[in-house]
Amino acid sequence: MRTPQQPSLFDEMEIGGAPAAPRGGEPRVRPGPAGSSLPNPPDASPQPSLFAGEEPTVVLPEGYRVVATGAALAALVARLTAVPRFALDTETTDLDPMVGRLVGISFSPAVGEAFYVPVGHSVGRQVPWHRVAEALGTLLGDPARAKIGHNLKFDLRVLERAGLRVSGPHWDTMIAAYLVRAEGGHGLKECARRYLGREMQQFEDLIQQGRLAIQQMEVGAVARYACEDAEATFALREALAPRLAETDQEAVFRLECELVPVVAQMETDGVAVDVATLEELARALEEQLVAKAEACFAAAGQRFNLNSPRQIGAILYGSLGLPASRMTATGPSTDEMALRELAGQHALPGRILEYRELNKLLTTYALALPRAVSPITGRIHPGFHQIGARSGRFSCAHPNLQNLPKDSANTIRRAFVAAPGHVLLSADYSQIELRILAHVSQDPALLAAFQAGEDVHARTAADIFGVPLAAVTPEQRRVAKGINFGLVYGMSPQGLAAQLSIPVPEAERYASAYFARYAGVKTAMADILRRARAQGFVTTITGRRREVSGLKAPDGRARGQAERQAINAPIQGSAADVIKAAMVRLAPRLPEFGARMILQVHDELVIEVPEERAAALREVVVSIMEESPAPGFRVPLRVDTQIARAWS
DNA sequence: TTACTCACG
DNA sequence: ACGTACGTGAGTAAG
């Protein structure tokens with residue numbers, strides 16, 4: 001693997017005496033407010049060809065064209081102007097759009113037809129970038145023309161960095177492919193194989209063939225590859241559109257495509273982090289960790305690798321002879337629940353738990369997060385994956401900021417801060433999944449509880465224990481809260497019992513008391529299961545589909561798991577639909593406040609806004625998020641907000 | 001690469 | 001009797 005510290009052979013190479021393109025060595029730090037995207041044109045100086053005097057080695061297939069002259073560029077614009085939609089694809093020097101520079105853009109206005117516009121090659125003839133941008137800008141910004149792309153988020157970010165804004169409507173073939181079929185890969189090449197029966201040239205083959213970085217390769221070779229990408233993408237749209245219709249997922253597809261530019265913006269803007277706070281925390285944790293490790297070794301009577309579950313198991317269940325309660329696939333478990341059970345019998349298990357807590361904070365957060373800060377912007381730019389979760393939720397990675405510790409005892413979230421002069425506005429849905437359940441079930445008692453604005457856990461407690469609302473004890477509310485969480489997860493009495501640390505028969509009594517009071521919920525769940533068994537899938541309020549297999553499995557455990565998935569997916573997935581739709585409605589309102597959406601954590605949105613506009617924006621955010629998400633959705637939605645310098 | 005553990009909603 | 005609920009990503013060990 002290459003690292004920025006180890007430039008390849010080719011970085012030293014200069015062609016035709018022109019200076020090599022500037023590379024990542026000198027990061028231009030862009031401090032301050034969330035990334036106002038400075039123009040960042042590709043490294044595009046036309047240079048004498050490395051291959052001057054040689055015959056072109058690549059013959060383009062019929063229908064593919066290189067756009068390397070002003071006349072060809074005009075012809076491309078005319079051709080694209082004549083069609084209602086076209087596919088586009090970008091070639092870049094890096095897969096990270098924060099780092100990669102534009103090498104070329106390919107377009108396809110029809111099946112069998114594609115154009116490649118080289119803009120960042122270091123060899124061969126090409127039209128200067130400012131002329132390309134000028135010629136294509138209007139077209140790409142035209143809201144009357146649909147842009148088709150495979151993972152458009154990437155191309156939008158790269159083009160934006162190069163100074164070209166691409167407006168919708170967007171038609172993302174990767175998202176379409178995922179909605180049509182979640183299993184298997186969703187790369188362009190795989191999709192072309194599956195839906196077009198085509199075997200495409202792999203990127204690795206292109207690179208290996210030239211043994212050069214893409215921007216240094218002969219334009220013709222890249223053109224052949226890039227044209228195929230754009231053209232296959234165009235063809236994919238035609239193959240996938242009818243499948244989206246067959247599965248009744250046009251509405252959710254439209255939602256996801258409208259979300260693409262919103263997510264692109266969120267990733268590009270990133271979030272500011274106070275590295276000094278994290279470094280200070282890391283130092284403190286390291287100190288505590290050493291002491292805790294020594295305490296563990298003292299209790300164990302020997303030294304061992306505290307990060308190895310296997311070695312911990314050998315000590316606890318071998319040397320110390322403690323009884324193993326829970327098993328994993330490969331041996332006795334040392335997870336938190338297992339160690340808690342042993343805590344009364346020996347000092348070691350409790351100390352291991354304390355060690356693990358510190359170690360998690362140190363390695364996963366305090367040490368790892370500073371490494372994720374971009375040297376280019378000084379901010380962290382996590383990837384938000386619209387199709388990352390089967391339920392319809394986002395997933396978040398590199399780093400995952402959706403699972404930062406929430407415990408007020410630590411300072412991890414406090415290290416996430418607003419830019420100078422700004423604050424973070426956090427807005428989260430209250431009880432969104434239970435409200436979805438109320439809507440889906442139309443259970444009168446649950447609907448009434450929300451419409452009355454009651455504390456729903458207390459209401460549930462009052463109902464299942466048969467006491468007045470005002471008389472509910474904290475313990476009763478705790479049990480009711482467990483029930484309500486359990487409902488969303490497709491609860492089993494066993495799971496409920498384990499979660500609440502109560503006997504199974506008691507959990508069974510609570511569950512039946514609940515379903516007696518909320519009979520609509522019981523019948524709604526039975527309906528979902530019946531339909532799931534008949535159709536093989538469940539759906540959300542927006543029509544997002546999730547296939548569920550195993551509902552007819554003879555193995556009770558497998559069947560139970562499938563049933564819980566079938567119950568949970570419409571609830572979790574509808575909640576995802578609700579917040580995604582709110583993001584789409586909210587995004588166009590943010591510029592007037594100078595604000596940017598920077599994080600989404602399932603039921604929470606975090607927005608960075610100039611301090612003096614925060615109060616005004618809060619009203620807008622709340623009113624948009626609380627809007628009814630669908631016709632006939634009568635459960636009131638409630639959004640709580642916080643405004644602070646930091647995310648905590 | 002797989003298994004385990006653990007952070008979040 | 002049941003292997004302890006739904007959905008994720010990351011760090012580490014060990015093969």
Side-chain angles (χ1 to χ4, degrees), chain A residues 304-313 324-339 341 352-353 355-369 371-372 382-385 387-407 410 412-413 428-434 437 482-505 507-508 511 538 546 548 555-573 575-576 579 599-604:
Chain A
F304 58 101
N305 186 346
L306 273 163
N307 296 324
S308 167
R310 177 186 293 195
Q311 292 185 35
I312 289 174
S325 52
R326 301 157 48 80
M327 296 296 288
T328 70
T330 55
S333 171
T334 71
D335 71 8
E336 182 176 346
M337 212 176 296
L339 296 190
E341 283 181 36
I352 291 174
L353 285 175
Y355 171 87
R356 280 187 177 160
E357 187 180 346
L358 295 171
N359 191 51
K360 181 81 174 177
L361 276 176
L362 177 66
T363 59
T364 306
Y365 303 109
L367 291 180
L369 290 172
R371 288 198 293 263
F384 285 92
H385 305 288
I387 56 176
R390 304 285 276 245
S391 59
R393 277 185 176 181
F394 280 95
S395 76
C396 178
H398 310 302
N400 182 0
L401 296 190
Q402 290 185 325
N403 73 345
L404 297 187
K406 212 181 178 301
D407 191 340
N410 76 72
I412 303 288
R413 282 191 194 219
D428 65 294
Y429 281 108
S430 163
Q431 306 291 352
I432 180 80
E433 292 187 337
L434 276 183
L437 180 61
I483 295 250
N484 282 331
F485 272 104
L487 287 169
V488 168
Y489 294 148
M491 123 175 101
S492 67
Q494 296 76 23
L496 181 64
Q499 190 61 34
L500 292 175
S501 310
I502 58 176
V504 172
E508 282 170 340
V538 291
R546 172 160 184 181
V548 182
D555 171 17
R557 203 163 68 77
R559 196 173 61 248
Q561 184 171 357
E563 288 174 351
R564 294 192 294 273
Q565 279 178 1
I567 295 294
N568 175 259
I571 300 172
Q572 190 179 121
I579 193 168
L599 296 170
Q600 193 260 35
V601 192
H602 309 313
D603 63 357
E604 175 187 14

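Side chains included, hydrogens not; waters and symmetry mates left out as well; all remaining heavy atoms used. Labels below follow one simple rule: chain letters A, B, ... track the order of the sequence lines, proteins then strands, and each chain is numbered from 1.
- Looking only at side-chain heavy atoms (C-beta outward), A/Gln431 and A/Leu434 come within less than 4.5 Å of each other.
- Residue A/Tyr489 contributes atom OH, which lies 8 Å from atom C1' of C/dG7 at whole-angstrom precision.
- One atom, NE2 of A/His602, and another, C1' of C/dG7, lie 7 Å apart when rounded to the nearest Å.
- Considering only side-chain atoms of A/Arg564, the nucleotide from B/dC6, B/dG9, C/dC6 that sits closest is C/dC6.
- For DNA chain C, the neighbouring residues in residues 305-313 of chain A, judged by any heavy atom under 4.0 Å, are A/Asn305, A/Asn307, A/Ser308, A/Arg310, A/Gln311.
- Between A/Ile312 and A/Arg356, the closest side-chain pair of non-hydrogen atoms falls below 4.5 Å.
- For the pair A/Asn484 CG and C/dC6 P, the computed distance is 18 Å after rounding to whole Å.
- The side chain of A/Arg356 lies closest to B/dT5, out of C/dG3, B/dG9, B/dT5.
- Mapping A/Met337 and A/His385 onto DNA chain C by nearest heavy atom places A/Met337 at the nucleotide closer to the 5' end.
- Using a 4.0 Å heavy-atom distance criterion, A/Gln565 is classed as a sugar-phosphate-only contact.
- If you check C/dG3, C/dG7, C/dT4 against the side chain of A/Met327, the one that comes closest is C/dG3.
- Note on A/Gly486: a base of the nucleic acid sits closer than 4.0 angstrom, heavy atoms only.
- In this structure, A/Ser395 reaches the C/dG9 phosphate: one of its side-chain N or O atoms is under 4.0 Å from OP1 or OP2.
- If you take atom C1' in B/dA7 and the same atom in C/dC2, they sit 28 Å apart, rounded to whole Å.
- Distances shown here put every side-chain N or O of A/Ser391 at or beyond 4.0 Å from the OP1 or OP2 atom of C/dT8.
- DNA chain C forms stems at B:1-9 with C:6-14, each a run of 3 or more consecutive Watson-Crick or G-U wobble pairs whose two key distances fall under 3.5 Å.
- Taking 3.5 Å as the limit, the base of B/dC6 and the side chain of A/Lys360 contain a donor-acceptor pair of atoms between them.
- Distance A/Leu404 CG to C/dA10 P: 11 Å, rounded to the nearest Å.
- Contact annotation: A/Thr328 side-chain N/O to B/dC4 OP1/OP2 distance is under 4.0 Å.
- Using a 4.0 Å heavy-atom distance criterion, A/Asn403 is classed as a base contact.
- Counting any heavy atom pair closer than 4.0 Å across all strands shown, A/Val601 reaches sugar-phosphate atoms only and no base atom.
- Between the CD atom of A/Glu357 and the P atom of B/dA7 there is a distance of 7 Å, rounded to whole Å.
- Among the heavy atoms of the strands lying under 4.0 Å from A/Ala368 are primed sugar atoms or P, OP1, OP2 only; no base atom is included.
- Among the protein residues, A/Arg557 comes within range of the sugar-phosphate backbone only, with heavy atoms under 4.0 Å from sugar or phosphate atoms but none that close to a base.
- In this entry the distance linking CD1 of A/Ile571 with P of C/dA5 reads 17 Å, nearest Å.
- Here the side chain of A/Thr363 is nearest to one of C/dT12, C/dC6, B/dG9, namely C/dT12.
- Judged by distance alone, the side chains of A/Arg390 and A/Ser395 never bring a donor and an acceptor atom under 3.5 Å apart.
- Taking 4.0 angstrom as the limit, A/Ser333 places none of its side-chain polar atoms (N or O) nearer than this to OP1 or OP2 of B/dC4.
- Counting non-hydrogen atoms under 4.0 angstrom, A/Glu336 reaches the backbone sugars and phosphates but no base.
- Taking only distance into account, the side chain of A/Arg393 meets the base of B/dG9 through a donor-acceptor pair shorter than 3.5 Å.
- For the pair A/Arg557 and A/Glu563, the salt-bridge criterion is not met [side-chain N within less than 4.0 Å of a carboxylate O].
- With B/dC4, B/dC6, C/dG3 as the choices, the nucleotide that has an atom nearest any side-chain atom of A/Asp335 turns out to be B/dC6.
- For A/Thr364, taking side-chain heavy atoms from C-beta onward, the closest of the listed nucleotides C/dT4, C/dG11, C/dG9 is C/dG11.
- With C/dG7, B/dG9, B/dA7 as the choices, the nucleotide that has an atom nearest any side-chain atom of A/Arg413 turns out to be B/dG9.
- Taking each heavy atom of A/Pro382 and A/Pro399 in turn, the nearest pair found is CB-O, 3.3 Å.
- Separating the P atom of B/dC6 from that of C/dA5 is a span of 14 Å, rounded to the nearest Å.
- Atom CG of A/Asn359 is separated from atom P of B/dC4 by 19 Å (rounded to the nearest Å).
- Side-chain contact between A/Leu401 and A/Leu369: present, with at least one pair of heavy atoms (C-beta onward) separated by less than 4.5 Å.
- When heavy atoms are screened at a 4.0 angstrom cut-off, A/Ala575 is found touching no nucleic acid atom at all.
- In this entry the distance linking CZ of A/Phe485 with P of B/dG9 reads 9 Å, nearest Å.
- Residues A/Ile571 and A/Glu433 share a closest heavy-atom pair of CG2-O, 3.5 Å.
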